[in-house]
J.: 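Input: one structure, supplied below.
Proteins get letters first, then strands, A, B, ... in listed order; numbering begins at 1 in each.
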Amino acid sequence: MADKIRETISAASKPAPGEAGRTGDWRSQTPFIDHDKCSQKDTCLLCWLYCPDGVVGRDFPLEIDLEYCKGCGICAEECPREAITMAEGKTRDDVA
Amino acid sequence: MATKAARELPSQELILPGTRSCAACGLMLTYRHALKALDEGKTIVAVPASCMTVLHGVYPITPVKVICINNPFAATGASVSGIVAGLKAVGKEGYTVVAFAGDGGTYDIGIQSLSGALERGTNFIYVCYDNEGYMNTGTQRSSASPAGAITTTTPVLAKLQHKKDMIGIVEAHRIPYIATASPAFPLDLYDKFVTAKSISGSRYMEVHAPCPPGWGFPNKDLIKMGKLAVDSGIHVLYEIRDGKFSLTSRSLRLAEKGRKKSVADYVVGQTRFRKISDEQVRRLQEFCDERWEELVKRHNKDNG
Ligand SMILES: Cc1ncc(C[n+]2csc(CCOP(=O)(O)OP(=O)(O)O)c2C)c(N)n1
Ligand code: SF4
Ligand code: SF4
Ligand code: SF4
């Protein structure tokens, strides 16, 4: 029924990731997590909490979805243990 | 029950990554946590032309997993009234209808349809995300822009008038729930959306949503700027339930311990205030201090 309405009377979009493309390409700096410095405790998770784009995972060791991370640097700024650093460039390889 | 730690928030994300909104967008962070408080299949969002429309993407794809209806700029309040009436007519129950509009779409162009919906007691949540200007079209002045801010329509003298008391106008409609929030305090923001969802009738929320390109501060400082706004009294966190006023979160703690940050600390890191004079800073400080005294007094009276 819902699909029928969509077809006939309205232009309805369907949800998918990457609506604006790979937004990781916007990045000029890339976040790195030093897992030894991270508390690895779910009592923190401030990086997850404050990432506007929701691309920081919640399971330890934490992973960042670099396909879509826009490189804003909020996670690095807010981490209380300075476990996240921003490095110039779009990818890990640029930095190594 | 107040949420005390990030881990208590639902892990489910209702916005898929790769959205069109800027890096470090205060609206994105607001919407992300607001949706955690709402049900995926039982929420209908209505938005007018704004950065929120852009966030919702270009046909045929959207990053957002809840239903959203795009509306003409002035029509949000009228649109939600129709949605609520339509749901009732076809016997659909348990939906939360949420309008999400910018300050331009609320304070200025949408105020008439919003007032109509509130006056009718329409059963919905209206959220104004206040980025203090018409950001989607390039930072024009709105009646929510602060005095002293350069916008593309106040480029020479900076804005002369203070922010309009929109919440005062909303309160005059005597609705059951009004709250302010900030994405720099996501737990408080989430709790207020949970509360708003549990109440029926018209509910209004105003979220102070820092915007790095419009305000002129580095992306990484989004949270710092949001916190500084609250610490300096530029934005105050509170809720009003059936007329009972209570400060919440950081603003409640500041009322107990005293405010330490000033308006001068807040404006210094933003290029939109690059032309603000000492006299304008002083007047903005006075404006904030007066409102702060009033709100603390009201909190003490209602929670005495
Ligand atoms: C009637 C009408 N006038 C002007 C516009 C152009 N317009 C689209 S979005 C926008 C700015 C919206 O500002 P605001 O409501 O503050 O939301 P923000 O962009 O800041 O998210 C304007 C002027 C329009 N879509 N419709
Ligand atoms: S840099 Fe920004 S977008 Fe990327 S993970 Fe950190 S907070 Fe999220
Ligand atoms: S904010 Fe820092 S310490 Fe906390 S979970 Fe994230 S990386 Fe670890
Ligand atoms: S202009 Fe401001 S509010 Fe609009 S998407 Fe960009 S950061 Fe967000």
J.: Take atom CD of E82(A) as the centre, draw a 6.0 Å sphere, and report whether it contains more than 12 heavy atoms from other residues, nucleotides or ligands.
T.: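 Open.
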J.: In terms of heavy-atom pairs under 4.5 Å with chain A, which of P17(B), A23(B), A6(B) leads?
T.: P17(B)
J.: Minimum heavy-atom separation for D221(B) to E77(A), with atom names?
T.: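 Heavy atoms of D221(B) and E77(A) come nearest at OD1-OE2, 3.8 Å.
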J.: Hey, could you give me the OH/CD distance between Y59(B) and E19(A), rounded to the nearest 0.5 Å?
T.: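 It is 13.5 Å, given to the nearest 0.5 Å.
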J.: Could you tell me which residues in residues 43-50 of chain A have at least one non-hydrogen atom under 4.5 Å from a non-hydrogen atom of chain B, sorted by residue number?
T.: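 Expected list: T43(A), C44(A), L45(A), W48(A), L49(A), Y50(A).
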J.: Does T19(B) reach the side chain of D53(A), with side-chain heavy atoms less than 4.5 Å apart?
T.: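 Heavy-atom side-chain distance check passes, below 4.5 Å.
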J.: Name the member of V58(B), N70(B), V64(B) that forms the most heavy-atom pairs with chain A at distances under 4.5 Å.
T.: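 Top count of heavy-atom pairs under 4.5 Å with chain A: V58(B).
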J.: Take a 6.0 Å sphere around NZ of K88(B) and say whether it holds more than 12 heavy atoms from other residues, nucleotides or ligands.
T.: no
J.: Might you confirm whether atom CD of E8(B) has over 12 heavy atoms from other residues, nucleotides or ligands at distances under 6.0 Å?
T.: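 Count over threshold, so yes.
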J.: Shorter than 4.5 Å, heavy atoms on both sides: which option in N219(B), L16(B), I223(B) has the most such pairs with chain A?
T.: I223(B)
J.: Among the options P52(A), G54(A), G73(A), pick out the one with the most heavy-atom pairs lying under 4.5 Å from chain B.
T.: P52(A)
J.: Only pairs of heavy atoms separated by less than 4.5 Å count here; which of G21(A), C51(A), G24(A) has the most with chain B?
T.: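 That would be C51(A).
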J.: Any idea which of M28(B), R7(B), E13(B) has the most non-hydrogen atom pairs under 4.5 angstrom with chain A?
T.: R7(B)
J.: Checking heavy atoms, do the side chain of R32(B), its backbone, both or neither come under 4.5 Å from chain A?
T.: side chain
J.: Of the listed residues (C68(B), A5(B), P63(B)), which shares the most heavy-atom pairs with chain A below a 4.5 Å separation?
T.: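 The option with the most such pairs is P63(B).
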J.: Give, as side chain, backbone, both or neither, the part of L187(B) having an atom under 4.5 angstrom from any heavy atom of chain A.
T.: side chain
J.: H33(B), K65(B), K4(B): which one forms the most heavy-atom pairs within less than 4.5 Å of chain A?
T.: H33(B)
J.: Please determine, among V55(A), D42(A), D65(A), the option with the most heavy-atom pairs under 4.5 Å with chain B.
T.: D42(A)
J.: Counting only heavy atoms closer than 4.5 Å, note whether S21(B) contacts chain A via side chain, backbone, both or neither.
T.: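 Answer is both: backbone and side chain atoms of S21(B) are under 4.5 Å from chain A.
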J.: For the pair K224(B) and E78(A), find out whether any cationic side-chain nitrogen is under 4.0 Å from an anionic carboxylate oxygen.
T.: yes
J.: Which residue out of G18(A), A76(A), C75(A) racks up the most heavy-atom pairs below 4.5 Å with chain B?
T.: G18(A)
